[in-house]
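One-based numbering, in listed order, for ligands and for the atoms of each. Because the structure is a prediction, the values reported are computed rather than measured.
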Amino acid sequence: MIEKDFILKSYASDIKGGKVKWESPSNIALVKYWGKKEHQIPENPSISFTLSDCKTITEVTYTKKEGNDFSFDVFFEGEKNEAFKPKIQTFFERIESYVPFLRDYHFNINTSNTFPHSSGIASSASGMSAIALCLMSIEQKLTDTVIQSESEESQGYFNQKASFLARLGSGSACRSIEGELVVWGNNESTESSDLYGVKYKGEVHQNFKNYQDTILLVDKGEKQVSSTVGHKLMFGHPFAKERFAQAHDNLATLTSILASGDLNEFVKIVESEALTLHAMMMTSMPYFILMKPNTLEIINKIWAFREKTNSNVCFTLDAGANVHVLYPESEKETILEFIKNELVSYCQNGHYICDQIGKGANQIGF
Ligand code: DP6
């Protein structure tokens, strides 16, 4: 698929309006996306676990209107929200040539998250993918194709285009449409595209079944540096070339680890990726640090616990201070005990969220 395959050419213009609703999950990258080219094309491939319970639920009501401007209102948890509008305006501008009906309707976008507001959990992946999916359902109605009864081929197109649109909203959002593992970005080890996320089709060992992710909320405040700014700082970054090459290598290694189920090796790649991501931030110009003292306390506790117990628990980080604690389902009881006894005190107000690997987005009320 190339960009022009996603341009919607003709659609019914006599539909007055309707309502669509989707829930879409967050995801956590194992090999990180950090650095992008124009049009949200990643500098390196990434792979993520789709989460199960951390989701955005979005309902879009569309009503035919006059005039040629974009027209939409955003409601967050029932309240009109002006702060989200500029991001959605930019999103609409980026995607309008692929979904030209955007100018024909007024949209009421009602959205909420299952995770607490201002938890420091990035909601752009779940949020942008949920809107993209709603737009795809509208496109489907306007083009009169019903996915459920359709071939795998058209389901494939629906997911691909939803991911393609989501990417233009926020890069990592393209990995939230499906589960349980999704790859984004051209590479030689696995089927993929720069334009959209692709469900990982390689062999995955039983050890990764229901893999757990407990998110420790270390800092719920606004980040000092947004991901978008962080990505830009990879331009002219002294280690960029090596980092992008390393991501290819790590993805290749990870594909064999996923097949063999070697958790020892899994831990090494995942933690190294997390620390490399933050190392890139610390060596950008200007440099910045998103980890907090408690992030490091938690990392050291995890290492000590692993040393002592031979557990396979490990951590990863996204662009913030919160820690994702990853572990196999078989260790659930002991690790939750460890988290309660030793890690919760480093979380802001003792807050953490238990999640696990999930299967992707769902349409509601179809
Ligand atoms: C550190 O997808 O939030 O979470 O494309 O500018 O919206 P934009 O950035 P975003 O970047 C997230 C990067 C990351 C790593 C990852 O998810 O792969």
For the 3.5 Å polar cut-off, considering only N or O atoms, please tell me whether [X] and ligand 1 meet it.
X      : result
Ser46  : no
Asn27  : no
Thr228 : yes

Does the cation-pi check pass for Lys85 over Phe72, that is, NZ or CZ under 6.0 Å from the six-membered ring centre and within 45° of its axis?
-> yes

Examine Arg103 relative to Phe70 and say whether NZ or CZ is less than 6.0 Å from the centre of the six-membered ring and inside a 45° cone about the ring axis.
-> yes

Near [X], which atoms of ligand 1 are under 4.0 Å from a heavy atom of that residue?
X      : value
Ala319 : 1 (C)
Ser172 : 2 (O), 3 (O), 10 (P), 17 (O)
Gly171 : 2 (O), 5 (O), 7 (O), 8 (P)
Arg175 : 16 (C), 17 (O), 18 (O)
Lys36  : 5 (O), 6 (O), 8 (P)
Ala29  : 16 (C), 17 (O), 18 (O)

pair Phe315-Leu275: side-chain heavy atoms closer than 4.5 Å = yes

Would you call Arg167 a ligand 1 contact, heavy-atom distance under 4.0 Å?
-> no

Would you tell me whether Ser46 and Arg175 have side-chain atoms, one donor and one acceptor, within less than 3.5 Å of each other?
-> yes

Honestly, for Leu277 the part within reach of ligand 1 (heavy atoms, under 4.0 Å) is side chain

How are the rings of [X] and [Y] set to each other: parallel, tilted or perpendicular (split at 30° and 60°)?
X      : Y      : value
Phe338 : Phe305 : parallel
Tyr105 : Phe107 : tilted
His231 : Trp34  : tilted

